[in-house]
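Keep in mind the model is a prediction, meaning the values are calculated, not measured. Computation of the quantities below employed the complete heavy-atom set of this structure, encompassing side-chain atoms and omitting hydrogens, waters and symmetry-equivalent molecules. So that the names make sense, note that chain A is the first sequence line, chain B the second, and so on, each numbered from 1.
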Number of protein chains: 2
Amino acid sequence: MSATDPTPVVPRAGQDAEGAALRRAPARVTSRDVARAAGVSQNTVSLVLKGSTRISAATQARVHAVMERLGYEPNAMAAALRSRTTRALLFVAPRAAVHSHVTAELVAGATDEAAEHDYCIVVRPVGPHGTEAVELYRRQFVSGAVVLPASVDDPAVGALVGAGCPTVVMLTTSAACPGHRTVVADDAGGAVQAVSHLLSRGHRRLGLVAPRGLVEGTISASRIRGAQQAALQGGAQLEEAWVDDWGVRDGSAGGARLLQRQGRPTGIFAISDALALGVLAAAGAAGLRVPGDVAVVGFDNREWSQYWNPPLTTVEFPLRSVGRAAVRRLLCPEEPPEWERVPARLIVRGSS
Amino acid sequence: MSATDPTPVVPRAGQDAEGAALRRAPARVTSRDVARAAGVSQNTVSLVLKGSTRISAATQARVHAVMERLGYEPNAMAAALRSRTTRALLFVAPRAAVHSHVTAELVAGATDEAAEHDYCIVVRPVGPHGTEAVELYRRQFVSGAVVLPASVDDPAVGALVGAGCPTVVMLTTSAACPGHRTVVADDAGGAVQAVSHLLSRGHRRLGLVAPRGLVEGTISASRIRGAQQAALQGGAQLEEAWVDDWGVRDGSAGGARLLQRQGRPTGIFAISDALALGVLAAAGAAGLRVPGDVAVVGFDNREWSQYWNPPLTTVEFPLRSVGRAAVRRLLCPEEPPEWERVPARLIVRGSS
DNA sequence: CTGAAAGCGCTAACAG
DNA sequence: CTGTTAGCGCTTTCAG
C-alpha cells in the first residue's frame, strides 16, 4: 500500500494459495483513507461515524460525502478490538432444540430486535455441559447472551453469568442465579384463560393432560398451576391425567384415560397442542364428538393446529415476542423489570 | 432506523445518543501475559495455540500449562483484525422466512457443521433488497455466507458475490451468477420416487397438486418436473391441478377439483405436505377413503404429517443435510462439485 | 470543535 | 525451532 498510490479506493486482490479454510478478505478503504481524502483527522471520521453532535455540520457533510465516494465501510473487528465491545449477541440453545419451532420463533424475534439496534445474533448450539457457550464471550466475539436453557438448572446459564457475560434467560425461571434477567411467556395466565373459557362454556367437570414430573419454574409447571388455580376459583373439579412426555401419543393416552370412565370430563385442557391433538384422536377413538361431547383446548398455537378437525382452540405462545424482549432487556439494561412476562392470548376455534 | 434510509455507508447516523450498548468487557489475560509467564515469545504462544508442529513438545507443554493456569482465552477480534479473516459465517434468509421450519432446519444443520470446524453462524434476516446481508461481510465481521434466497433472482446473492464474499446458495438454483456454489435437495428425484411409488401400487390415473407459476430453478419446478417425467415414463396420465399457493386450503381446492370429476385420479401427489393435508380434507369431504379410494403422497415430511389420519406417505426434504453441506462447501472450496444435490427419500405410511 | 498520539491483542514476516 | 519487529484499523485520551 504505497503512500503514492493514487487510487486507494481499489482494493488489492489478495492472493493466497493456502490450503486454509476461507481466503482472507482483500484490503479495504480505511478510516485513515477517508480522513486524508476529507482533510480531517482520523478521529473526526470516527466521531462523524457515530453521529457525534460535537462536529460541525459542514465537516460532517464533507466526511459523509467522502465516505460515500470511497465506499467506506468501518471494520467491525478493529472497532471491537479497540472498544472492547462487539455488536453481536449470542443465542444459546441446546443442540437438540436448535431445529425446533420454539428456537426458530425465538431466533426470529431476537434477530429482529437485534437488527433494530444494529446488533447481530450468533446462534450457538450447546451440548449438555453448556460450556461451549461461554467461549465466544470469553473470546470477546459477543458481548451478551440470551439463553434458552435445557432445564431450570442448565449449567450454561451459570457459566455465562460466572464469566461476567450479560445474560437473559428465556421461557423458564432459571434456578436462583443472580446476575441475569428473565423473560417468560405468561404461561399461567394463558392456562387460566383456557380453563376460564371452558368454565364459561358451562363445563364443570374438567380434565387436564400434562407431562408428569412437575418442576417449578418450567413452562409446564406454570401452565399446570394456572389451570389448577382457575378450576379451583371456578368451583370446578379438575381431573389430572399425567403422561410421560409432550408427544401426540402421550396426549392420546392421557385423553383415553380421562374419557373412558364414568363421569368423564366434558372439557379437557391439554397443556400443548401436540397433547391436544392426541386428545382429539382419543375422543374420536372413543366415539365422542368434539366439541359436542367433549371440548378440547390446547396451548402453543402451532401452525397446523388450525387445520385439524375440528380446528383447535388454543392459547398463543408468544415466542417471537419473548425473543424480542430478551434482546431488548439485554441492550437496555436500565429498563425497569428484571423479570418480564409476555402475555398470552386465547384463540377460540372449533374444538370448544 | 428506516429501511429506506439511503445511507448505506453510515450506520445509525445521528441517533446514537440512546446508544443501546453493552458495557465493555473487562481486561483479560493476553497472549503476552502467557508469553512472559512461560518465558517464551508471544509468537511462540501464537504458534502453540494453533498447534504448529514446528514447536518442540517441551515448549508446547509448558505454554499449554501456563495458558491453563492463567485461564487464557485468545481474543477473537484481535486475531481477526490481524489475519483479516473471521471464524464466523453469515446465514442469510428473507425476514419473512426466519421463523419458518425451513430456516430452522437449515440453521440447525449449518450451525452443526460450522461448530465442527470451529466456526460460528450469524443469522441475518434481510428485507426485499437484501442489501443488509453484504454489510456484515464488508465490515469484515464474517468471512463467507450461505443464503436461502427469497427467489431465484434474489438480489442478496448478487450483492454478496459482487462484494467478493464466498457464497453458497441453498435450495434453489439461483439465476446464472458465477462465483457462488449451490446446494439443493434432490427435489426432482424425490418427486420421481413419489410418483413411482404410486405407479408401483398400480395407480394409472394420477393427479398432481402444485402451485401455479412455475419458475425454473425453484423447488416447486423441480418437484413438478420430476413428477411429470416419472408419470410419462410409467405410461400413466398425470392430471395437473394448479393452485394459488402452498397452503392447506390451496391443497383442498386442488384436491376437490381433481376428485369431483369422472375418471378421477386414484393416486395424487401433492408437492408439499401442507397441500397434501388439503387433499386429504378434500377426499374426506367427497366421501372418499384414503388410501382405499384415492392414495395421497406429499413432500417435506413435516413433523406433524405422521399424525394425520391416515398418516401421510411423503418424501423427506433433507434440510438439515442441505444446511450442513452448504457450510461444508464454503469451508472446503476445493471439494469437487460446484453443485451438490442432497438425496431425498420416500417415507411410506398409511395414506398410500 | 478538532488534531496528535497511543495503543487494543494478535499474527506475519523475517531473522537467526 | 524460536525471537524480533511491525503493524491490522479503529477508538480513546489528552491537548489545544
Which residues satisfy the side chain to side chain donor-acceptor pair (under 3.5 Å) test with A/Arg62, sequence neighbours excluded? none
Which pairs would a plain distance check flag for residues 40-48 of chain B, meaning a side-chain donor or acceptor within less than 3.5 Å of a matching protein atom at least two apart in sequence or in another chain?
| from | atom 1 | to | atom 2 | distance (Å) |
| --- | --- | --- | --- | --- |
| B/Ser41 | OG | B/Asn43 | N | 3.4 |
| B/Ser41 | OG | B/Thr44 | N | 3.2 |
| B/Ser41 | OG | B/Thr44 | OG1 | 3.2 |
| B/Gln42 | NE2 | B/Ser31 | OG | 3.1 |

Measure the distance from CD on B/Gln140 to P on D/dG9 and round it to the nearest whole Å. 8 Å
Could you check how far CD1 of A/Ile55 sits from C1' of C/dC1, rounded to whole Å? 6 Å
Give the rounded distance in Å between these two atoms: CZ of B/Arg87 and P of C/dT11. 11 Å
Does this structure show an ion pair linking A/Asp118 with B/Arg139, if we count only N-O contacts that are shorter than 4.0 Å? yes
What is the distance from CG of B/Leu81 to P of D/dG7, rounded to the nearest Å? 14 Å
So does A/Ser31 get a side-chain nitrogen or oxygen closer than 4.0 Å to the phosphate oxygens (OP1/OP2) of D/dC10? yes
What is the distance from CE of A/Met77 to P of D/dC10, rounded to the nearest Å? 13 Å
Using five pairs at each end of the helix from C/dC1-D/dG16 to C/dG16-D/dC1 to define an axis, what is the angle between those two axes, to 10°? 30°
Which residues pass the side chain to side chain donor-acceptor pair (under 3.5 Å) test with B/Arg28, not counting sequence neighbours? none
From C/dC10, D/dC1, D/dC8, pick the nucleotide closest to the side chain of B/Arg84? D/dC8
Please tell me if B/Thr44 has a side-chain N or O lying less than 4.0 Å from either OP1 or OP2 of D/dG3. yes
Just how far, in rounded Å, is P of C/dG9 from CZ of B/Arg36? 11 Å
Set of side chain to side chain donor-acceptor pair (under 3.5 Å) partners for B/Arg36, sequence neighbours left out: B/Asp33
Check side chain to side chain contact (heavy atoms under 4.5 Å, CB included) between B/Ala114 and all other residues, then give those that pass, not counting sequence neighbours. B/Tyr119, B/Ile121, B/Val327
Which of the following nucleotides, D/dC10, C/dG9, D/dC8, is nearest to the side chain of A/Pro74? D/dC10
Would you mind classifying the nucleic acid contact of B/Val40 as base, sugar-phosphate or nothing, using non-hydrogen atoms under 4.0 angstrom? sugar-phosphate
Does the pair A/Glu340/A/Arg181 count as a salt bridge with the N-to-O cut at 4.0 Å? no
So, using side chain to side chain donor-acceptor pair (under 3.5 Å) as the criterion, who are the partners of B/His117 when residues are at least two apart? B/Glu113
Send over the distance from B/Arg32 CZ to C/dT11 P, rounded to a whole Å. 14 Å
Hits for ring pair (Phe, Tyr, Trp, His ring centres under 6.0 Å) against B/Tyr137, two or more places apart or cross-chain, chain-then-number order -> none
Closer than 4.0 Å, any side-chain N/O of A/Ser41 to the OP1 or OP2 of C/dG3? yes
Output one line per pair: protein atom, nucleotide atom from nucleotides 12-16 of chain D, and distance, for all N/O pairs under 3.5 Å.
| from | atom 1 | to | atom 2 | distance (Å) |
| --- | --- | --- | --- | --- |
| D/dT13 | O4 | A/Asn43 | ND2 | 3.4 |

Position toward the 5' end of DNA chain D (nearest nucleotide), A/Asn75 or B/Ser56: B/Ser56
Nearest-Å distance, CD (A/Glu73) to C1' (D/dC10)? 14 Å
What's the verdict on side chain to side chain contact (heavy atoms under 4.5 Å, CB included) for B/Val122 and B/Phe141, showing C-alpha distance, side-chain angles and the deciding distance? CA-CA 9 Å; B/Val122 178; B/Phe141 196 79; 4.1 Å; yes
